[in-house]
Trainee: 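Below is the structure I would like to discuss, written out as structure tokens.
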Amino acid sequence: MAEEKNMNKIDFEETEEEILAEESKETKKEKKSDSKKLRAELEEAQQALEAEKARADETNDKYLRLAAEYDNFRKRTQTERKNVYTEAVTETLSGLLPILDNLQYAAKYSGGDAEKVAAGLEMILSKLPETLEKMNIKAFGAAGETFDPNIHNAILHVEDESFGEGEIVEVLQQGYMYGERVLRYAMVKVAN
């Protein structure tokens with residue numbers, strides 16, 4: 001019996017070793033399987049990370065290009081604004097220079113003769129409206145027009161039955177418009 005017990009004990013030990021060896025093989029297989037899964041997931045995550053990095057780099061590049069484009073646009077707009085202003089001043093003064101020349105000629109060659117000076121000034125004044133019209137500047141405010149507070153500035157009021165209500169009696173200072181914009185309001189005397 002003692003021998004049988006020893007034999008059973010040995011068999012049990014052998015069986016236990018076999019079971020442990022088998023379990024170890026299964027565990028190793030499971031670990032290999034888990035390891036393969038983890039490697040595949042890691043590789044997939046790395047590929048996704050690389051794709052996102054590429055997308056982020058592309059977005060950053062687009063942002064930098066857009067910022068540079070905006071900066072160039074801003075600089076170009078500033079330059080154009082300066083050029084437009086310079087061009088407008090140049091064009092305006094080019095239109096006024098002949099009038100200045102005529103005034104200088106009149107002063108130089110008048111010789112103190114009042115009639116010649118008056119005739120020269122009349123010629124110069126006759127050319128001024130033409131010059132202003134070329135620059136799209138129109139004069140307004142004439143006697144007989146109806147008073148409009150949007151473009152006229154009433155300096156004086158007169159009670160006179162011979163004039164209609166709100167009629168301009170006298171223009172003290174001519175008004176001027178550039179297109180629809182008032183450059184200077186006409187100063188007028190208005191009948192009540």
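Not measured: the values here are computed from a predicted model.
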Trainee: Kindly compute the distance separating CG (Leu132) from NZ (Lys138), expressed to the nearest 0.5 Å.
Mentor: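 Answer rounded to 0.5 Å: 12.0 Å.
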
Trainee: Should Leu96 and Leu103 be regarded as members of a common hydrophobic cluster, given that ILVMFWY residues are connected when their side-chain heavy atoms come within less than 4.5 Å of each other, either directly or indirectly?
Mentor: yes

Trainee: Hey, does Val190 have a side-chain heavy atom less than 4.5 Å from the side chain of Leu156?
Mentor: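 No. Closest side-chain heavy atoms not under 4.5 Å.
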
Trainee: Applying side-chain hydrogen bond (donor to acceptor under 3.5 Å, both in side chains) as the test, list every pair that has at least one member in residues 71-83; sequence neighbours left out.
Mentor: Asp71-Arg74, Asp71-Lys75

Trainee: Would you name the heavy atoms of Ala186 and Gly141 that are closest together and state the gap between them?
Mentor: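 Shortest heavy-atom separation between Ala186 and Gly141 comes out as CB-CA, 4.2 Å.
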
Trainee: What are the two closest non-hydrogen atoms of Pro129 and Leu125, and how far apart are they?
Mentor: CD-O, 2.9 Å

Trainee: Going hydrophobic residue to hydrophobic residue with side-chain gaps under 4.5 angstrom, can you get from Tyr185 over to Phe140?
Mentor: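 Looking at the clustering, Phe140 is in the same group as Tyr185.
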
Trainee: Among residues two or more places apart or on two chains, list those pairs meeting side-chain hydrogen bond (donor to acceptor under 3.5 Å, both in side chains) that have a residue in residues 50-60.
Mentor: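 Sorted result for residues 50-60: Glu52-Arg55.
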
Trainee: Given side chains that start at C-beta, do those of Asp101 and Gln104 come closer than 4.5 Å, heavy atoms only?
Mentor: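 In short, these two side chains touch, coming nearer than 4.5 Å.
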
Trainee: Output the distance between atom NZ (Lys189) and atom CD1 (Ile168), rounded to the nearest 0.5 Å.
Mentor: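 Reported to 0.5 Å precision, the distance equals 12.5 Å.
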
Trainee: Measuring only between side-chain heavy atoms, which start at C-beta, is Tyr178 closer than 4.5 Å to Met135?
Mentor: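 Tyr178 vs Met135: side chains apart.
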
Trainee: Quick one, Val188 and Glu170 - any side-chain contact, counting heavy atoms below 4.5 Å?
Mentor: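 Side-chain contact under 4.5 Å: no.
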
Trainee: Quick one: do Glu145 and Glu167 satisfy side-chain contact (heavy atoms from CB on, under 4.5 Å)? Show the steps, please.
Mentor: CA-CA 6 Å; Glu145 288 182 3; Glu167 185 178 338; over 6 Å; no

Trainee: With the 4.5 Å side-chain cut-off for hydrophobic clustering, are Leu128 and Ile124 part of the same group?
Mentor: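 Same cluster.
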
Trainee: Are Glu122 and Ser126 side-chain neighbours, meaning at least one heavy-atom pair lies under 4.5 Å?
Mentor: no

Trainee: So how far is it from Ile151 CD1 to Arg184 CZ, rounded to the nearest 0.5 Å?
Mentor: 13.5 Å

Trainee: Do you know the tightest heavy-atom contact between Gly164 and Ala191?
Mentor: O-CB, 3.8 Å

Trainee: Heavy-atom count around Gln173 CD within 6.0 Å, excluding the residue itself: above 12?
Mentor: yes

Trainee: Just wondering, do Gln174 and Met187 contact through their side chains at under 4.5 Å, heavy atoms?
Mentor: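 Heavy-atom side-chain distance check fails, nothing below 4.5 Å.
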
Trainee: What's the spacing between Ile99 CD1 and Lys127 NZ if we round to 0.5 Å?
Mentor: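 Nearest 0.5 Å value for the CD1-NZ distance: 9.0 Å.
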
Trainee: In Å and rounded to the nearest 0.5 Å, what is the NZ to CD1 distance from Lys134 to Ile137?
Mentor: 13.0 Å

